[in-house]
Asker: 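First the structure, then my questions, so here it is.
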Amino acid sequence: MKKSALTLAVLALAAGAAQAQSNVQVYGLLDVGMETANNKSATGGSQTSVISGGMNTSRWGLRGSEDLGGGLKAVFNLESGILMDTGNMDGVLFKRQANIGLEGAFGRVIIGRSFTTVYDTVISYDPMGFAPYYSWAAGGSATGPSKYGFTTAYDNIIKYSGTVGDLKIGANYAAGEQATGAQDSAKVGFSTVYKLGDVNLMGTWERNNGNTVAATGNRDKNTVWHIGANYETGPFKFWGVVRDYKLVAGKALTADLAATTTWAGLAYKADAATTLTGAIYHINVKNVAAGKDADPTMYVARYRYALSKRTDVFVSAAYVKSKNGQLTGMSRDDAGFGTSQHGLALGMQHRF
């Protein structure tokens with residue numbers, strides 16, 4: 001069956017399920033706009049494009065629950081990405097979420113594909129909310145040997161989340177499903193958030209394994225941790241986060257990768273509809289030859305205006321600069337072609 005036919009079939013089933021059961025919800029977020037930026041080619045050319053996901057990645061999904069009695073519920077979530085500039089799916093049909101589980105006084109346990117506990121935690125500590133245009137909270141500039149970020153979602157995941165007083169905890173394990181060894185391609189992560197008055201403190205840790213290399217008997221091991229805080233008082237909100245990234249190579253004669261990413265931000269809610277946000281992201285690249293570290297810094301500003309509770313318009317601007325003549329760019333997905341880049345994005349977002 002073609003993808004388009006499969007999607008139509010799923011949508012038809014979703015509509016029927018939503019009408020038949022009050023605990024099934026069809027939801028989504030549509031975000032589309034335009035961006036203009038320089039240094040979009042090796043010759044330094046500028047480009048203007050229609051973009052999908054200026055503030056948030058567009059998606060639609062189904063989620064619901066069933067009361068099993070005794071405070072226990074069955075829960076599920078299916079979620080698919082949308083590319084608003086073309087109308088295509090962003091990857092496979094339910095790339096974002098495809099899971100089922102149980103929820104009760106003990107917390108929530110799901111299995112399938114899901115965002116990681118690190119993602120669930122760190123997203124609340126990014127001033128830009130992981131905006132595709134522009135944020136390095138999930139990963140930095142795509143130019144270079146590594147984005148120095150973390151994995152936002154896992155296949156084959158078993159995930160737990162719970163709350164004890166002012167403490168939120170999370171853990172997940174993703175089976176590598178490799179016959180070569182139980183830990184080949186396995187992934188594990190933990191997160192904690194502690195509320196202390198108006199301050200929220202967080203810490204996360206994750207380990208992602210590669211497959212064992214026959215020649216060395218070792219595997220790639222990627223370790224990432226975060227510590228951060230946010231604070232809200234009156235119309236102001238502040239953020240500050242440090243992430244440490246290290247990839248130990250399993251192959252012989254292959255250099256390890258390491259970097260520390262820091263970011264800080266400030267939001268000012270001028271009135272019920274208007275929010276102004278500014279952020280700075282910096283990557284301290286390590287373990288490279290002298291004079292080859294890009295150490296890029298990106299500055300971002302955004303104006304957001306709420307037309308209603310569900311619809312917003314926005315304007316975002318960003319500028320990035322690297323060191324030592326190294327290439328960099330604003331996007332975590334597209335390579336940069338210069339030692340600096342600036343861009344302007346404007347668009348509209350609607351939730352349903």
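Small disclaimer: the values here were computed from a predicted structure and weren't measured. The first residue in the sequence is number 1, and the count goes up from there.
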Asker: Does Arg63 qualify as a cation-pi partner of Tyr27, given the criterion of NZ or CZ under 6.0 Å from the six-membered ring centre and within 45 degrees of its axis?
Answerer: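 Yes, Arg63 and Tyr27 form such a contact.
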Asker: Would you indicate whether Phe337, at its atom CZ, is surrounded by more than 12 heavy atoms from other residues, nucleotides or ligands within a distance under 6.0 Å?
Answerer: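 Atom CZ in Phe337 is crowded, with more than 12 foreign heavy atoms closer than 6.0 Å.
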Asker: Roughly how far, to the nearest 0.5 Å, is CG of Asn222 from CG of Asp220?
Answerer: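 Atom-to-atom, Asp220:CG and Asn222:CG are 8.5 Å apart.
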Asker: Quick one: does Ile51's side chain get under 4.5 Å of Val32's, heavy atoms only?
Answerer: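 Result no, sub-4.5 Å side-chain heavy-atom pair not found.
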Asker: Do Tyr231 and Phe236 share a hydrophobic cluster (ILVMFWY, side-chain heavy atoms under 4.5 Å, transitive)?
Answerer: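 Yes.
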Asker: Side chains of Asn208 and Tyr154: does their closest heavy-atom pair fall under 4.5 Å?
Answerer: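 Yes. Closest side-chain heavy atoms under 4.5 Å.
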Asker: If you apply the rule side chain to side chain contact (heavy atoms under 4.5 Å, CB included), what do you find for Asp31 with Thr57, and how did you get there?
Answerer: CA-CA 7 Å; Asp31 187 316; Thr57 306; over 6 Å; no
Asker: If only side-chain N and O atoms count, and only distance matters, is there a donor-acceptor pair under 3.5 Å linking Asn99 with Gln97?
Answerer: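 Side chains of Gln97 and Asn99: pair found under 3.5 Å.
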Asker: Do Phe314 and Met330 sit in one hydrophobic cluster, given that two such residues count as connected whenever their side-chain heavy atoms are within less than 4.5 Å of each other, even indirectly?
Answerer: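 No, no single cluster joins them.
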Asker: Please determine whether salt bridge (charged side-chain N to carboxylate O under 4.0 Å, His left out) holds for the pair Arg219 and Asp184, giving the CA-CA distance in whole Å, both sets of side-chain angles, and the decisive distance to 0.1 Å.
Answerer: CA-CA 8 Å; Arg219 61 172 75 92; Asp184 276 5; 2.8 Å; yes
Asker: For the residue pair Thr275 and Ala267, what are the closest heavy atoms and their distance?
Answerer: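 Shortest heavy-atom separation between Thr275 and Ala267 comes out as CG2-CB, 4.4 Å.
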Asker: A quick test of your reading: do over 12 heavy atoms of other residues, nucleotides or ligands sit less than 6.0 Å from NE2 of His350?
Answerer: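 Result for NE2/His350: enclosed.
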Asker: What's the spacing between Leu266 CG and Tyr268 OH if we round to 0.5 Å?
Answerer: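 Rounded to the nearest 0.5 Å, the CG-OH separation comes to 10.5 Å.
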Asker: Mind listing the closest non-hydrogen atom pair of Leu257 and Ser146 along with its distance?
Answerer: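 Result for this residue pair: CD1-CB, 3.7 Å.
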Asker: What do the steps show when you test Ser322 against Thr328 for side-chain hydrogen bond (donor to acceptor under 3.5 Å, both in side chains), and what is the final call?
Answerer: CA-CA 6 Å; Ser322 64; Thr328 191; 5.3 Å; no
Asker: Look at Asp312 together with Arg304 and state whether they make a salt bridge at an N to O cut-off of under 4.0 Å.
Answerer: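 The answer is yes: the pair qualifies as a salt bridge.
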Asker: Looking only at heavy atoms, what is the nearest atom pair of Ser114 and Ile110, with distance?
Answerer: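 Minimum heavy-atom contact is OG-CD1, 3.5 Å.
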Asker: What's the verdict on salt bridge (charged side-chain N to carboxylate O under 4.0 Å, His left out) for Arg96 and Asp90, showing C-alpha distance, side-chain angles and the deciding distance?
Answerer: CA-CA 9 Å; Arg96 292 175 62 87; Asp90 186 5; over 6 Å; no
Asker: Going by side-chain hydrogen bond (donor to acceptor under 3.5 Å, both in side chains), Asp295 matches just one of Lys323, Gln326, His282. Which one?
Answerer: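 Between Asp295 and the candidates, side-chain hydrogen bond (donor to acceptor under 3.5 Å, both in side chains) is satisfied uniquely by Lys323.
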Asker: Any chance you could measure Tyr133, atom OH, to Arg302, atom CZ, to the nearest 0.5 Å?
Answerer: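 Reported value, rounded in 0.5 Å steps: 14.5 Å.
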Asker: Can you tell me how far OH of Tyr134 sits from OG of Ser316, rounded to the nearest 0.5 angstrom?
Answerer: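 It comes to 7.0 Å.
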Asker: For Gly278 and Pro127, which heavy atoms make the closest approach, and how far apart are they?
Answerer: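 In this case the closest contact between Gly278 and Pro127 is O-CB, 4.5 Å.
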Asker: Is the number of heavy atoms from other residues, nucleotides or ligands under 6.0 Å of Lys168 NZ greater than 12?
Answerer: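 12 or below, so no.
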Asker: State, with a plain yes or no, whether a side-chain heavy atom of Ser185 is found less than 4.5 Å away from one of Asn209.
Answerer: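 Ser185 does not reach Asn209 side chain to side chain.
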Asker: Let's go through Trp205 and Val188 carefully: what are the C-alpha distance in whole Å and the side-chain angles of both, what is the deciding distance for side chain to side chain contact (heavy atoms under 4.5 Å, CB included) to 0.1 Å, and is it a yes or a no?
Answerer: CA-CA 8 Å; Trp205 180 90; Val188 63; 3.8 Å; yes
Asker: Could you check Asn172 against Tyr119 for side-chain hydrogen bond (donor to acceptor under 3.5 Å, both in side chains), going step by step and ending with a plain yes or no?
Answerer: CA-CA 11 Å; Asn172 56 229; Tyr119 173 92; over 6 Å; no
Asker: With a 4.5 Å cut-off on side-chain heavy-atom distances among I, L, V, M, F, W and Y, is there a chain of contacts connecting Phe352 to Val24?
Answerer: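 Looking at the clustering, Val24 is in the same group as Phe352.
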Asker: Take Asp120 and Lys159, measure what salt bridge (charged side-chain N to carboxylate O under 4.0 Å, His left out) needs, and give me the verdict at the end.
Answerer: CA-CA 11 Å; Asp120 292 342; Lys159 176 180 168 184; 2.5 Å; yes
Asker: Where the side chain of Trp263 meets the backbone of Ile283, is there a donor-acceptor pair that is under 3.5 Å apart?
Answerer: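 A pair under 3.5 Å: no.
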Asker: If hydrophobic clusters are built by linking Ile, Leu, Val, Met, Phe, Trp and Tyr wherever their side-chain heavy atoms come under 4.5 Å apart, do Leu78 and Leu93 end up in the same one?
Answerer: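 Yes, Leu78 connects to Leu93 through the hydrophobic network.
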Asker: Kindly indicate whether the side chain of Phe115, heavy atoms from C-beta on, has any atom under 4.5 Å from the side chain of Ile157.
Answerer: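 The answer is no, as the side chains (C-beta and beyond) never meet within the 4.5 Å cut-off.
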Asker: Please check if any side-chain donor atom of Thr260 sits under 3.5 Å from a side-chain acceptor atom of Asn284, or the reverse.
Answerer: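 Checked: Thr260/Asn284 side chains show no N/O donor-acceptor pair below 3.5 Å.
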Asker: Any side-chain donor-acceptor pair under 3.5 Å between Ser161 and Arg108?
Answerer: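 No donor-acceptor contact under 3.5 Å links the two side chains.
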Asker: Tell me the closest heavy-atom pair linking Val224 and Tyr245, and the distance in Å.
Answerer: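 Smallest heavy-atom distance, with atoms named: CG2-CD1, 3.8 Å.
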Asker: Is the closest side-chain heavy-atom distance between Leu344 and Glu35 below 4.5 Å?
Answerer: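 No; the side chains remain at least 4.5 Å from each other.
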Asker: With side chain to side chain contact (heavy atoms under 4.5 Å, CB included) as the criterion, how do Lys237 and Asn230 come out once you've worked through the C-alpha distance, each side chain's angles and the decisive distance to 0.1 Å?
Answerer: CA-CA 7 Å; Lys237 189 169 184 177; Asn230 62 35; 4.2 Å; yes
Asker: Evaluate Gln349 against Asn56 for side-chain hydrogen bond (donor to acceptor under 3.5 Å, both in side chains), listing each step before the verdict.
Answerer: CA-CA 8 Å; Gln349 174 185 278; Asn56 284 284; 2.7 Å; yes
Asker: Crowded around Lys195 NZ? As in, over 12 foreign heavy atoms under 6.0 Å?
Answerer: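 It does: Lys195 NZ has more than 12 such atoms within range.
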Asker: Considering residues, nucleotides and ligands other than Tyr173, do more than 12 of their heavy atoms fall under 6.0 Å from its OH?
Answerer: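 More than 12 within 6.0 Å, yes.
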Asker: Just so I know, are the side chains of Lys286 and Asp293 near enough to count as touching, which here means a heavy-atom distance under 4.5 Å?
Answerer: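 Result no, sub-4.5 Å side-chain heavy-atom pair not found.
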Asker: Please check if any side-chain donor atom of Ser46 sits under 3.5 Å from a side-chain acceptor atom of Lys40, or the reverse.
Answerer: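 Side chains of Ser46 and Lys40: no pair found under 3.5 Å.
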Asker: Look up atom CZ in Arg332 and atom CZ in Phe130, then write down how far apart they are to the nearest 0.5 Å.
Answerer: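 The CZ atom of Phe130 is 7.5 Å from CZ of Arg332, to the nearest 0.5 Å.
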Asker: Find out if a path of hydrophobic residues (ILVMFWY) with successive side-chain heavy-atom gaps under 4.5 Å connects Tyr299 to Phe238.
Answerer: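 In one cluster with Tyr299: Phe238, no.
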Asker: Could you walk me through whether His226 and Phe150 satisfy the ring-ring contact (aromatic ring centres under 6.0 Å, His included) test, starting with their C-alpha distance in whole Å, then the side-chain angles of each, then the deciding distance to 0.1 Å, before giving a yes or no?
Answerer: CA-CA 10 Å; His226 297 81; Phe150 64 93; 5.3 Å; yes
Asker: Determine whether Tyr125 and Val193 satisfy the following criterion, side chain to side chain contact (heavy atoms under 4.5 Å, CB included), listing intermediate values before the conclusion.
Answerer: CA-CA 11 Å; Tyr125 293 80; Val193 174; 3.5 Å; yes
Asker: Do Trp239 and Asn200 make a side-chain contact, defined as non-hydrogen atoms from C-beta onward lying under 4.5 Å apart?
Answerer: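 No - every pair of side-chain heavy atoms lies 4.5 Å or more apart.
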Asker: Just by distance, no angles: are the side chains of Gln47 and Ser49 close enough, under 3.5 Å, to form a donor-acceptor pair?
Answerer: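 Their side chains do contain a donor-acceptor pair, which is all the 3.5 Å distance test asks for.
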Asker: Kindly give the heavy-atom pair with the smallest separation between Ser191 and Thr117, and that separation in Å.
Answerer: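 Taking every non-hydrogen atom into account, OG-OG1, 2.6 Å.
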Asker: Can you tell me how far the CE atom of Met55 sits from the OG atom of Ser135, to the nearest 0.5 Å?
Answerer: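 Taking CE in Met55 and OG in Ser135, the distance rounds to 13.0 Å.
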Asker: Report, as yes or no, whether the 6.0 Å neighbourhood of atom NZ on Lys73 holds more than 12 heavy atoms from other residues, nucleotides or ligands.
Answerer: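 Not buried by this count: 12 neighbours or fewer within 6.0 Å.
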Asker: Is there a side-chain contact between Ile227 and Arg243 (heavy atoms, below 4.5 Å)?
Answerer: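 SC-SC contact between Ile227 and Arg243 ruled out.
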